[in-house]
Amino acid sequence: MNRTFTICFILFAITGYSSNNIAFANFQGGVDAFNRGDYARAYAEWLPLAEAGDPDASRNIGRLFHKGLGVQLDLTQARTWYSRSAAKC
């Protein structure tokens with residue numbers, strides 16, 4: 001029983017650790033894409049994070065809608081994403 005617990009704990013720790021790295025990689029991938037001017041890719045990287053409640057990704061999605069970068073300019077969507085970001089801060 002103790003060995004099963006240890007194995008489960010190790011798997012959970014590894015999975016949790018790698019999930020955080022994946023989330024960071026997606027966020028950083030969005031930053032890198034944005035800096036290259038690949039706004040559609042930045043949107044694709046940040047949207048799942050924003051939908052999951054990440055305030056930084058939500059703010060960045062709001063900025064894309066606010067400026068019409070990689071998406072059609074939509075101030076209503078911008079306000080929605082900015083509000084979601086602010087609510088998490």
Checklist outcome for this item: Correct closest heavy-atom pair for Ala78 and Gly62 would be CB-O, 3.4 Å

Checklist entry - Is the closest side-chain heavy-atom distance between Phe34 and Asp38 below 4.5 Å? => result no

Checklist entry - In Å and rounded to the nearest 0.5 Å, what is the CZ to CG distance from Arg63 to Leu69? => result 7.0 Å

Checklist entry - Which pair of non-hydrogen atoms, one from Ala57 and one from Ala50, has the smallest distance, and what is that distance? => result CB-N, 3.6 Å

Checklist entry - So how far is it from Arg84 CZ to Glu51 CD, rounded to the nearest 0.5 Å? => result 7.5 Å

Next on the checklist: Membership question, hydrophobic clusters at under 4.5 Å side-chain separation (ILVMFWY): are Tyr39 and Tyr82 in the same one?
Outcome noted: no

Next on the checklist: Please verify the inter-ring angle class for Tyr43 with Phe65; under 30° counts as parallel, over 60° as perpendicular, anything in between as tilted.
Outcome noted: perpendicular

Next on the checklist: Using a 3.5 Å distance criterion without hydrogens, assess whether the side chain of Ser85 forms a donor-acceptor pair with backbone atoms of Pro55.
Outcome noted: yes

Checklist entry - Tell me, do Asp54 and Trp46 make a side-chain contact under 4.5 Å, heavy atoms counted? => result no

Checklist outcome for this item: Of all heavy-atom pairs linking Ile61 and Leu47, the shortest is CD1-N, 3.7 Å

Checklist entry - Hey, what do you get for CG (Asp74) to CZ (Arg79), rounding to the nearest 0.5 Å? => result 9.5 Å

Checklist entry - Can you name the closest pair of heavy atoms from Pro48 and Ala44 and give their distance? => result CD-O, 3.2 Å

Next on the checklist: Does Leu75 form a side-chain contact (heavy atoms from CB on, under 4.5 Å) with His66? I'd like the steps, not just the answer.
Outcome noted: CA-CA 5 Å; Leu75 297 180; His66 185 193; 3.6 Å; yes

Item to check | From CG (Leu64) to CD (Gln77), nearest 0.5 Å | outcome: 11.5 Å

Checklist entry - So how far is it from Glu45 CD to Asn60 CG, rounded to the nearest 0.5 Å? => result 12.0 Å

